Amino acid sequence: MLVLAGAGTGKTRVLTTRIAHILSLGRARAGEILAVTFTNKAAREMKTRIGSMVGEVVEGMPWLGTFHSIGAKILRRHAELVGLKPAFTILDTDDQIRLLKQLIAAENIDEKRWPARLLANQIDHWKNRGLTPDQVSAGEGAAFANGRGRDLYAAYQERLKTLNAADFGDLLLETIRLFREHPEVLRQYQTRFRYILVDEYQDTNVAQYLWLRLLAQRSSHGTAPAVAPGTDRPSPPGGEGRTVPAERSRTTSGLEQKNICCVGDDDQSIYGWRGAEVDNILRFDHDFPGATVIRLERNYRSTAHILGAASHLIAHNEGRLGKTLRSEGAEGDKVVVSSAWDSEEEARAVGEEIEQLQRRGQRLDEVAILVRASFQMREFEDRFVTLGLPYRVIGGPRFYERAEIRDAMAYLRLVAQPADDLAFERIVNVPKRGLGDATLQALHDLARARGVPLSEAARLMAATDALKPKPRAALRDVVAAFDRWRAQRDTLPHTELAEIVLDESGYTEMWQKDRSADAAGRLENLKELVRSMEEFENLQGFLEHVALVMDTDRGEETEAVSIMTLHAAKGLEFDTVFLPGWEEGLLPHQRSLDENGRAGLEEERRLAHVGLTRARKLARISFVSNRRIHGSWTSSLPSRFLDELPEEHVHVEEAKGGFGGGLSGYGHAYGGRFDTTAAFGSGYGTPGWRRGQRRRGGFDEDQSEYTQEWEPEGRMRDAAGGADRRAGDGRDRTSWGSSGRADAGAGGPRGGTPLAPLAAPSSPGGAARRGPLTIEGELVARSTGDPSAFAVGDRIFHQKFGYGRIRVVDGNKLTIQFDKAGEKKVVDSFVKKA
DNA sequence: ATCCTGTTAATTTTT
DNA sequence: TTAACAGGAT
């Protein structure tokens, strides 16, 4: 069965209820159901939801998990059959790249011309498509480093085996190999899993598809590997040449499938760039003949206007199964489209809007800002920091990806597995022990000559006098330390062991001595790491967890606005959603367009669709005329997706300042399908972006003038505060509003108007005054009771900007010269004394 | 071996 | 703009 579940139609509910149903009817026991998701988060959520439905009976659901965790589980049981030992290490991207770097260097290839990163992507790509080195076509294998791509892939796989390691792709690929080469093992799992359920099927890649299909076949007669290697080889690259339909159905149609239920939404397939094959879902009924397809089209989440806009937008895609979402809720507000001069103004407008919503009782948890690319986040963060508006960035650098955590993990890994060369290399000289490249090179040579791991080579070398006294002593200490820790492994609880390791290695000390901005945070993270170990029985279990589950869900307690990428937002929902940056080149991202043409455009459109459908009540789209990309200013055009929004569900907000014209005329940019000129009103002034474009030459100067001129005044008014404030605010707002409208009415001939006078009052003035009002409100209350805990000249620490010295104290607002981040204005609650 | 400085190349991201 | 990284200086 394929359940095509549109956004907000209750996809997860279908899966959990189905499982609960199967369990409660006794059709299968918990251990006989295979349920796979993509993320740990989704798996966790399903577990709890099933648990609450069925009660204690569930007791685990041992086979509910991510593709990778289940793959790892199976692989560990039969590791020897694929040339691994059960305790194999799971490498992450970082390890992978370091390994590849070595291989590339060993081949005498210029790593600058052929970066390891590129090769890693290429190998991932192959693995996503289920290709082992010998299955990579010669043409494609030549893609990297003048035809050595395939050889490097093969060498990499070989190296993994000697390191007793597997990368993420291997967790699937090696399992597939295991199943094919050992039918009896496959049969064992086919028999065990009576029901198979798959979440987010539109995100599966070829390898995952093959993996599922093997498991989904009925094991009845002890047939040879149901799928002969090679016959089902995915089509060669090049997009159009997809697997021939006949070939796929030939391999499957004759076989009996058992109960497999996939849930997904082709309109939310946004991971094509990492190997997801929308075709898997588009061709489901070919692959699994006789399958029932059910469409869920009733949306319980968004208002009619939001849904109408989203549906109309996504209807422009051609490669889709087609669903018509119906709203169950009220009509609600139209989707708002607005424009801004640049991203700074955009952030300011969003901040302002959020403060207004907050005043009307909107919980900040229910507000999200969804951006296309993470560099957009910065502007919002900066703005929110000055506003004192609590925010939270979702999906930033993950806990286990931080350098200090990875270092600590390397120590622990090396204690657990002396053969872990990658871990050894990572930490021999961290903290600095005077063991540099030369020493490491000598160790490598010895290790290769004797065929032993690096840690063993270190032991040998420390015993000889091949090294100078200093490095020799250092090396001997390291070897002795690891011997000591390994001896303690069985007697001490693993958390205690971790503390000892971090302590005796000098690692904690290294950060304690470090006076840089984030040292304190890093130490905190290390503590958190040890704390999180408590949940695990032993070191081994903990290491497995970290390798697979790269996130910690430390529940954030405070109510805050969420900032995240559109990708990270999939599966979430909020009352209010801000969608900034709908510009050509950013929302249909240029790179996506360049690299994948129309398919890329459609994926970008799905991304826009995902963004819109995250909103329950209010969706606000915005775009800017000027954006700073890689340091230089670039003018931008409104996104073509704006043209594709239906007039009846959208409200175009006139810009508050003199740049209202930004909207007009964008319908022409692409000769839009329907007449947006009419839809969004013609006769606005010259589009701001056009003016910007014309003036681009001198723009940088204008820009700096503009900030210099207005920044001080904003500050002055803030300081003035008091009685004047409210009046000033009201006056300004009306006057800007009317001036904007007047301009709009006047129509075209605004080209001659000087830039700066228009730019300045339109945003920095208005926002700077209105924005901090609420804060100042707090300030009055707070600063009377608790007169400035900070004084000019104090050394302080800020979570984001690091250490700094206070320059100016203005109530609860501090102007701080940060060591690294430069001068910033920050609300005092965000800093503490250093 | 480590520190400093100029060059370079910049989506999306889970496991 | 900026952060990472490689190569040269110390």
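Chain A is the first sequence line, chain B the second, and so forth, proteins listed ahead of strands; every chain is numbered from 1. These numbers were taken from a predicted model, which means no experiment stands behind them.
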With [X] via ring pair (Phe, Tyr, Trp, His ring centres under 6.0 Å) - residues at least two apart:
{"X": "W114(A)", "value": "F144(A)"}
{"X": "Y271(A)", "value": "W273(A), H567(A)"}
{"X": "H589(A)", "value": "none"}

Practice task
Output yes when at least one side-chain N/O atom of N40(A) is less than 4.0 Å from OP1 or OP2 of dT15(B), else no.
Solution key: yes
Exercise for the section: Determine: side-chain N/O of S592(A) to OP1/OP2 of dT11(B), distance under 4.0 Å, yes or no. Expected result: no
Practice task
Consider the side chain of T39(A), meaning its heavy atoms from C-beta on, and name the nucleotide among dT1(C), dT13(B), dT14(B) that approaches it most closely.
Solution key: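 Closest nucleotide among those given: dT14(B).
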Practice task
Could you check whether S374(A) gets within reach of a base, just the sugar-phosphate, or nothing at all, counting any heavy atom under 4.0 Å?
Solution key: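 Sugar-phosphate only.
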Practice task
For E604(A), report the nucleic acid contact type (base, sugar-phosphate, nothing); a contact means any heavy atom under 4.0 Å.
Solution key: base
Problem - Residue D594(A) excluded, over 12 heavy atoms near CG under 6.0 Å - result: yes
Practice task
Decide, for dT11(B), between syn and anti: a glycosidic angle within 90° of 0 counts as syn, anything else as anti.
Solution key: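 Base orientation relative to the sugar is syn.
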Could you go over nucleotides 1-5 of chain B and give all protein N or O partners under 3.5 Å, atom names and distances?
residue : atom : partner : partner atom : Å
dA1(B)  : OP1  : G436(A) : N            : 2.8
dA1(B)  : OP1  : T439(A) : OG1          : 3.1
dA1(B)  : OP2  : A438(A) : N            : 3.3
dT2(B)  : OP1  : G434(A) : N            : 3.4
dT2(B)  : OP2  : N429(A) : ND2          : 3.0

Practice task
Could you list the residues that satisfy side chain to side chain contact (heavy atoms under 4.5 Å, CB included) with P86(A), not counting sequence neighbours?
Solution key: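 So P86(A) forms a side chain to side chain contact (heavy atoms under 4.5 Å, CB included) with A79(A), E80(A).
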Exercise for the section: Identify, with sequence neighbours excluded, every residue that meets side chain to side chain contact (heavy atoms under 4.5 Å, CB included) alongside V479(A). Expected result: A458(A), R459(A), D483(A)
Practice task
Return the stacking result for dT12(B) and W273(A): yes when the ring centres lie under 5.5 Å apart and the planes under 30°, no otherwise.
Solution key: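 Per 5.5 Å and 30° rule: yes, stacked.
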Practice task
Summarise how protein sits on nucleotides 2-10 of chain C as a single string, 5' to 3': B when a protein heavy atom is under 4.0 Å from the base, S for sugar-phosphate-only contact, - for no contact.
Solution key: S--------
Completion exercise
Residue pairs meeting ring pair (Phe, Tyr, Trp, His ring centres under 6.0 Å), one or both in residues 89-108 of chain A, sequence neighbours left out, come to none
Handout entry: By salt bridge (Lys or Arg N to Asp or Glu O under 4.0 Å) - contacts of R628(A) (at least two apart)
Key =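 Listed in chain order: nothing, the list is empty.
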